[in-house]
Amino acid sequence: MTEGTTSAAAEGADTLTRLEQEGEIAADYLEGLLDIADLDGDIDMDVEADRASVSIISDTGSRDLQKLVGRDGEVLEALQELTRLAVHRETGDRSRLMLDIAEYRAKKRSELSELGAKAATEVKSTGEPVKLKPMTPFERKVVHDAVKAAGLRSESEGEEPQRFVVVLPA
């Protein structure tokens, strides 16, 4: 191996170690939160797309975790920001950690991918741009990825919290 290859491999290992550390800190923080709220849930950690991913799941299918998701994922978004702050406090680095509770984001990702693909199909058939409803940054990212996979391009327009995706012809 050349020096550049060795350096890149070491950097990749350092990144993985850092992301695993973020996941551990987040898991400890969320365990404490679950204890305080007296909620049952298991913590699952992973590294996906260069970011730590932490999920709270329930083996019992308990509806209690839905309280941590909230209406339209609002509580989940807030908990994700608090968890990122907890990681930042421990590491001194900004975290891009993703939090999922009761598979809310996984289900949402599937729905949004389908929405992006449908919008792309509509744009291909009409040749006209399609504007979607306002979305969170997470939701917009999923739609952008689905549109790109369909061979088209998209842009975000507007100001938060009314920022939305526009799917454009090729």
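Index from 1, following the sequence.
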Apply side chain to side chain contact (heavy atoms under 4.5 Å, CB included) to Leu68 and Leu39, showing your working. CA-CA 10 Å; Leu68 297 179; Leu39 295 173; 3.7 Å; yes

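- Residue pairs satisfying the side-chain hydrogen bond (donor to acceptor under 3.5 Å, both in side chains) criterion with at least one member in residues 86-104, sequence neighbours excluded, are listed as follows: Glu22-Ser95.
- With a 4.5 Å cut-off on side-chain heavy atoms, Ile43 and Leu34 count as touching.
- For Glu81 (side chain) and Ala78 (main-chain N/O), no donor-acceptor pair under 3.5 Å exists by modelled atom type.
- Put simply, the side chain of Phe164 does not reach to within 4.5 Å of the side chain of Met135, judged on heavy atoms.
- The shortest side-chain heavy-atom distance between Tyr29 and Val87 does not fall under the 4.5 Å cut-off.
- Cation-pi geometry between Arg105 and Phe138 is satisfied (NZ or CZ under 6.0 Å from the ring centre, within 45° of the ring normal).
- In this structure, Leu132 and Val130 have side chains that are in contact, with non-hydrogen atoms separated by less than 4.5 Å.
- In terms of the side chain to side chain contact (heavy atoms under 4.5 Å, CB included) criterion, residue partners of Asp42 (sequence neighbours excluded) are, by chain and number, Ile57, Asp59.
- The number of heavy atoms from other shown groups lying within 6.0 Å of CG (Asp35) is above 12.
- In the displayed structure, Glu159 atom CD is contacted under 6.0 Å by at most 12 heavy atoms of other residues, nucleotides or ligands.
- Residues Leu152 and Leu168 come closest through the heavy atom pair CB-O, 3.7 Å.
- For Leu65 against Ala102, the heavy-atom pair with the smallest separation is CB-CB, 4.1 Å.
- For Arg109, the salt bridge (Lys or Arg N to Asp or Glu O under 4.0 Å) criterion is met by no residue, not counting sequence neighbours.
- The closest side-chain heavy-atom distance from Gln66 to Val69 is below 4.5 Å.
- A donor-acceptor contact shorter than 3.5 Å links the side chain of Lys124 to the backbone of Ala150.
- Contact between Ser154 and Val167 at its shortest, heavy atoms only, is CB-CA, 4.2 Å.
- Asp145 meets the side-chain hydrogen bond (donor to acceptor under 3.5 Å, both in side chains) test with Lys141; sequence neighbours excluded.
- Using a 4.5 Å cut-off on side-chain heavy atoms (C-beta onward), Val75 and Ile101 make no contact.
- Every residue two or more places apart in sequence or in another chain that forms a salt bridge (Lys or Arg N to Asp or Glu O under 4.0 Å) with Arg71 is listed here: Glu74.
- Residues satisfying the side chain to side chain contact (heavy atoms under 4.5 Å, CB included) test with Thr126, not counting sequence neighbours, are Glu122, Glu128.
- Ion pairing between a basic and an acidic side chain is recognised when a charged N comes within 4.0 Å of a carboxylate O; Lys108 and Glu139 show such pairing.
- Following chains of ILVMFWY side-chain contacts shorter than 4.5 Å, one cannot reach Ile25 starting from Met98, and the two form parts of different hydrophobic clusters.
- Atom CG of Leu30 and atom CE of Met45 lie 10.5 Å apart (nearest 0.5 Å).
- Taking every heavy atom of both residues into account, Val166 and Pro129 meet most closely at CG1-CB, 4.0 Å.
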Before giving the answer on salt bridge (Lys or Arg N to Asp or Glu O under 4.0 Å), spell out for Glu157 and Arg140 the whole-Å C-alpha distance, their side-chain angles and the decisive distance to 0.1 Å. CA-CA 10 Å; Glu157 294 183 3; Arg140 290 193 310 269; over 6 Å; no

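- Between the Arg84 side chain and the Leu97 main chain, a donor and an acceptor come within less than 3.5 Å of each other.
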Test Glu160 against Gln162 for side chain to side chain contact (heavy atoms under 4.5 Å, CB included), laying out the working first. CA-CA 5 Å; Glu160 294 292 351; Gln162 296 300 312; over 6 Å; no

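- A 4.5 Å side-chain heavy-atom check between Glu77 and Thr136 finds at least one atom pair inside the cut-off.
- Nearest heavy-atom pair across Val142 and Ser113 is CG1-OG, 3.6 Å.
- Counting heavy atoms from C-beta outward, Leu33 and Leu79 have side chains that approach closer than 4.5 Å.
- Note that CZ of Arg18 and CG of Asp50 are 8.5 Å apart. Values are rounded to the nearest 0.5 Å.
- At least one donor-acceptor pair under 3.5 Å links the side chain of Gln80 to the backbone N or O of Leu99.
- Minimum heavy-atom separation, His144 to Ser156: NE2-OG, 2.8 Å.
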